[in-house]
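These notes are about the structure you will find just below.
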Amino acid sequence: MTLDLTPDELLSTTRAVRKRLDFTRPVPRELIEQCVDLAVQAPTGRNRQRWHFMVVTEAEQRRAVADIFLRALTLATGQPLTERDLWRMSYHSGSTERVFDGLRYLAANIHRVPAFVIPGVEGRTDHEPVAVQSGAWGSILPAVWSFMLAARARGLGTVWTTAQAPLERELAEVLGVPYEEIMLAAFIPLAFTLGTDFKPAPRIPREEVLHWDRW
């Protein structure tokens with residue numbers, strides 16, 4: 001089954017789903033395989049196709065992975081927020097608080113999520129220059145976004161997180177991933193959604209992000 005969405009609707013309503021994941025319905029393997037088939041049609045640097053998708057659905061493995069997710073959340077730091085960051089985050093009243101409320105809900109229910117998708121890319125880029133980093137991440141991010149769009153079209157919800165980052169090596173060990181060869185790029189909960197009526201998110205004005213000819 002696919003939803004009756006126009007291309008514009010698909011692009012503007014594929015949301016980060018945290019509080020509307022259906023924990024009661026398993027996700028059929030066939031649907032995940034369809035999403036991966038579409039994901040790997042994405043562009044990739046020099047046609048190297050270094051992408052990988054780890055899918056975790058087995059109950060015991062999901063519990064182990066969920067435990068790492070929760071412990072990693074407490075270790076996440078991220079870059080300090082700038083004044084511009086804070087302005088953008090508060091431009092629409094309550095939007096940031098809704099995000100964090102959703103994150104708290106997801107963390108409290110992470111053990112109930114029926115599937116985790118953990119994309120990876122061959123070739124570690126730790127401490128490499130920006131040019132190398134951009135090539136690697138530019139070869140996995142389009143594929144993952146295509147996966148998320150394909151999931152939305154099939155009534156599935158996703159949310160991109162990087163919760164795995166502080167404990168990436170431990171997660172790789174649990175999954176049997178060769179850490180020295182593969183970077184785990186994200187940690188994506190996957191489930192059917194409670195309802196399919198998602199709307200575009202409020203964003204800062206176009207004038208703040210669109211530049212013509214000069215900055």
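Quick caveat: nothing in here was measured; it's all calculated off a predicted structure. Only this structure's heavy atoms are used, side chains among them; waters, hydrogens and symmetry mates stay out. When a residue number appears, it is its place in the shown sequence, counting from 1.
Salt-bridge formation is not detected for the pair R169/E173: no Lys NZ or Arg NE/NH1/NH2 atom is positioned less than 4.0 Å from an Asp or Glu carboxylate oxygen. Under 4.0 Å is where a charged nitrogen must lie from a carboxylate oxygen, and between R104 and E97 at least one such pair does. Ionic pairing of R63 and D67 is not present here: no N-O contact between side-chain nitrogen and carboxylate oxygen is shorter than 4.0 angstrom. Residues D101 and R18 are not paired through a salt bridge, judged by the lack of any N-O separation under 4.0 Å between the basic side chain and the carboxylate. No salt bridge links E122 with R48; every basic N to acidic carboxylate O contact stays at or beyond 4.0 Å.
Residues L11 and L141 fall within the same hydrophobic cluster, defined by Ile, Leu, Val, Met, Phe, Trp and Tyr side chains chained together at heavy-atom separations under 4.5 Å. Criterion: ILVMFWY side-chain heavy atoms under 4.5 Å apart, direct or through other members. Under it, L184 and V113 are part of a common hydrophobic cluster. Following chains of ILVMFWY side-chain contacts shorter than 4.5 Å, one can reach I188 starting from L10, so the two form part of one hydrophobic cluster.
For the side-chain hydrogen bond (donor to acceptor under 3.5 Å, both in side chains) test with R152, the passing option among T14, T158, T193, T13 is T13; the others fail.
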| Are Q133 and T125 close enough, and set up right, to give a side-chain hydrogen bond (donor to acceptor under 3.5 Å, both in side chains), and what steps lead you there? | CA-CA 6 Å; Q133 296 276 0; T125 61; 2.9 Å; yes
| Derivation of the salt bridge (Lys or Arg N to Asp or Glu O under 4.0 Å) call for R62 and E58 | CA-CA 6 Å; R62 279 192 296 115; E58 192 273 325; over 6 Å; no
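The environment of E207 atom CD is dense: over 12 non-hydrogen atoms of other residues, nucleotides or ligands sit within 6.0 angstrom. The 12-atom threshold is exceeded at CZ of R84, counting heavy atoms of other residues, nucleotides or ligands nearer than 6.0 Å. Sparse packing is recorded around CD of E83, with 12 or fewer heavy atoms of other residues, nucleotides or ligands lying under 6.0 Å away. Enclosure of atom NE2 in H127 is not indicated, since only 12 or fewer non-hydrogen atoms of other residues, nucleotides or ligands lie within 6.0 angstrom.
Within the model, atoms CG of L190 and CG of L21 stand 8.5 Å from one another, a figure rounded to the nearest 0.5 Å. Here the straight-line distance linking atom OG1 of T196 with atom CG of L156 works out to 11.5 Å at 0.5 Å rounding. Distance check, rounded to the nearest 0.5 Å: CZ of R50 to OG of S139 gives 8.0 Å.
In this structure, the side chain of R124 engages the main chain of I182 through a donor-acceptor pair within 3.5 Å. Counting only distance, with no hydrogens or angles, the side chain of T96 and the backbone of M89 share a donor-acceptor pair below 3.5 Å.
For the pair R20 and F198, the cation sits on the ring face: its NZ or CZ lies under 6.0 Å from the ring centre, inside 45° of the axis.
Taking the six-membered ring where tryptophan is involved, the planes of H211 and W215 are essentially parallel, since the angle between them stays under 30° and well short of 60°.
In this structure, F147 and L38 have side chains that are not in contact, with every pair of non-hydrogen atoms separated by 4.5 Å or more.
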